[in-house]
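Step one of this worksheet: look at the structure below.
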Amino acid sequence: MANSVRLRFAPSPTGDPHVGNIRTAVFNWLFARHHGGSFAIRIEDTDQAREVAGATEALLESLRWLGLDWDEGPDIGGPFGPYLQSQRLDGYRDAASRLLETGSAYYCYCSSKRLAELREKQARLKMDPGYDRQCRDMTAAEQIEWAKGRATPAVRFKMPMDGSTTVDDLIRGRVTFENRLLDDFVILKSDGFPTYHLANVVDDHTMKISHVMRAEEWLSSIPRHLQLYEALGMEPPRFAHLPMILAEDKSKLSKRHGAAALLEYRSSGFLPDAMVNFLALLSWSLDDKTEIMSREELVRHFSIERVAKAGAIFNQEKLLWFNGQYLRKMVDKDLAETLLAYWRAYPPPEIPDLPERDYLLRIVPLIRDRIKTMSDAAPLVTFFFRDTIDYETEELVQKGMDRQSTKVALERALDVLTQIESFDAAATEAGVRPLAAELNIKAGQLFGSIRVATTGLRVAPPLFESLEILGRERSLGSIKSALERL
RNA sequence: GGCGCAUUCGUCUAGCGGCCAAGGACACCGCCCUCUCAAGGCGGAGAUCACGGGUUCGAAUCCCGUAUGCGCUACCA
């Protein structure tokens, strides 16, 4: 038996999906799944001028990456399709016709030039901006006269001149607007396409959407939508206006802030689970301490009552921490495979030939605690995949030592490592560590030189574990060539 | 300008009249652990709960006002 809870995510394909949009998708999805309802994707492509090629696919790809599955959408269809507004034009025209017939709407012949002048004049005279309703009460004869030599008229909605409209928002409670403060907005543009207001209302109704969860920037338009529902004789859905995601400067997060494009987080090596967890916690919380939650836990606990009212700044530091937490929870096998898949999608220049899975499997435990995103991995493990390693000779010389003492230390280490029976981490460490006292240097100094000689790095995965994976031959070879440099 | 929404540590937040001289997390600082770097453990610093009035025996929590921030004010969404 189908549940009557139906949510929808309705983005317009005007560019790269950004974290603000996607967070709205996350909340809608969470709410739908929590209630066992359905989740639909509807593309609001009613502005031909602003449409960006590939934007719809990027939107779907973003949701797929995050694992937010949908039951109906432009790619899979569904009982209320099509899910592209540009393919549902008839429905909007029918609605506009009905509104025209019942006297709730009228044709507007004003040119964009006149409208621009009107706005300019209103600004100059410090009058309230808005359409002056010139075409509102035209007679049929006047309309015919006006229509001569002009392009197709737009259709405007007759906003009531008095009274007020109140919405009972699930997050903000009752919010009231004076009708007379709103102008007669366009519902059907002269190019035959609907504006957001009309299309949104008509589609949410025909698609039987039960809850509309969208960003707070839409709260100001709610009286228009409610009036539209009423004039159309439709029962409005429930509304919940989500607080916005803000940039560091507290302004609305947008492309110009950078770091807003969702898919960039994928290429930067973030994990979808971490991203969903982080996004879910932006203006929503379970309690005073739970932060790490799996997708299932989020679905189980999500409730609109616990959505906050104030906007939240998108904090990348915290996202990084979440990602680290998720990385650390992964078992070796998963981490190795995820890393391999990531490298396949975004080949790291340091590693031209991707390693064998089994080989990577041994390396992964050494770096798991040392990376915050998958992009941190390559620089740390490159030496495992190279025949020769690269570094400045001076790097071999540790603080408090000189070339000569470094050379002596490495020679002794070479001796020990050459003779050692088993080349595992425990054995090599047991063999090398005593050398420090013998040479009268600190273990850190000794290990530091060996580290640079064998990995080329000053900051690297644990030394002896790395040597074990490198194997005796390569390890000794590296030390020998370091000796030749000194 | 008008309308609307919001306001607890730098940031994300807990708090829905007494349990709060405000709890958790990120970031920051210190200590421990330690072969580097991390991770981890422990501890510290950090919020006169925007401000001012009320209501109440009692307010971060309720009401009013002010300030500030943000959003909307397109034939864009």
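Residue numbering restarts at 1 for every chain, and letters A, B, ... go by the order of the sequence lines.
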Show the distances under 3.5 angstrom between N or O atoms of the protein and N or O atoms of nucleotides 23-25 of chain B.
from, atom 1, to, atom 2, distance (Å)
B/G23, N2, A/Asp288, O, 3.2
B/A25, O4', A/Glu291, OE1, 3.3
B/A25, O2', A/Glu291, OE1, 2.4
B/A25, O2', A/Lys318, NZ, 2.9
B/A25, N3, A/Lys318, NZ, 3.1

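Listed for the A/Thr406 side chain is a donor-acceptor partner under 3.5 Å among the backbone atoms of A/Asp402.
Here B/U13 presents its P atom at 9 Å from CZ of A/Arg23, a figure rounded to the nearest Å. Distance, A/Asp376 CG to B/A39 C1': 13 Å, rounded to whole Å. Between the OH atom of A/Tyr196 and the P atom of B/C75 there is a distance of 17 Å, given to the nearest Å. Atom CZ of A/Arg306 is separated from atom P of B/G15 by 4 Å (rounded to the nearest Å). Spacing between atom CZ of A/Arg214 and atom C1' of B/C72 amounts to 12 Å, rounded to whole angstrom units. A straight line from CE of A/Met401 to P of B/U36 spans 15 Å, rounded to a whole angstrom. Counting to the nearest Å, the P atom of B/A14 and the CH2 atom of A/Trp284 are 11 Å from each other.
Dashed line: the shortest gap from a side-chain N or O of A/Arg368 to OP1 or OP2 of B/A39 is not under 4.0 Å. OP1 or OP2 of B/U13 sits under 4.0 Å from a side-chain N or O of A/Ser283. Between A/Gln48 and B/A77 there is no side-chain N or O to OP1 or OP2 distance below 4.0 Å. OP1 or OP2 of B/C35 has at least one side-chain nitrogen or oxygen of A/Arg433 nearer than 4.0 Å. Regarding contacts with the backbone of B/A14, a side-chain N or O of A/Ser285 is found under 4.0 angstrom from either OP1 or OP2. The side chain of A/Lys189 places an N or O atom within less than 4.0 Å of a non-bridging phosphate oxygen (OP1 or OP2) of B/C76.
Below the 3.5 angstrom threshold, one finds no donor paired with an acceptor across the side chain of A/Ser112 and the base of B/C75.
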Can you check each nucleotide of nucleotides 41-51 of chain B against protein heavy atoms at under 4.0 Å and return B for base, S for sugar-phosphate only, - for none, in 5' to 3' order?
-----------

Counting primed atoms plus P, OP1 and OP2 as sugar-phosphate and everything else as base, spell out the protein contacts along nucleotides 2-10 of chain B at 4.0 Å heavy-atom distance: B, S or - for each nucleotide, 5' to 3'.
SSSBSS---

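For A/Asp183, the side-chain contact (heavy atoms from CB on, under 4.5 Å) partners at least two apart in sequence or on another chain are A/Tyr131, A/Phe185, A/Arg224. Applying the salt bridge (Lys or Arg N to Asp or Glu O under 4.0 Å) test to A/Arg370 and every residue at least two apart in sequence or in another chain returns nothing.
When the P atom is used for both B/U11 and B/G2, the distance is 29 Å, rounded to whole Å.
Residue contacts for A/Glu44: at a heavy-atom cut-off of 4.0 Å it reaches the sugar-phosphate backbone alone, with no base atom in range. Note on A/Lys442: nothing from the nucleic acid sits closer than 4.0 angstrom, heavy atoms only. Across all strands shown, A/Glu51 has no heavy atoms under 4.0 Å from either base or sugar-phosphate atoms. No contact: A/Pro243 has no heavy atom under 4.0 Å from any strand.
Listed by first and then second residue, the salt bridge (Lys or Arg N to Asp or Glu O under 4.0 Å) pairs that reach into residues 152-178 of chain A are A/Arg172-A/Glu216, sequence neighbours excluded.
Remark: A/Arg328 is not positioned above the aromatic ring of A/Tyr326, lacking an NZ or CZ atom under 6.0 angstrom from the ring centre and at most 45 degrees off the axis.
Between A/Trp284 and A/Phe302, the ring centre distance stays below 6.0 Å. You'll find the ring centres of A/Phe157 and A/His225 outside the 6.0 Å limit.
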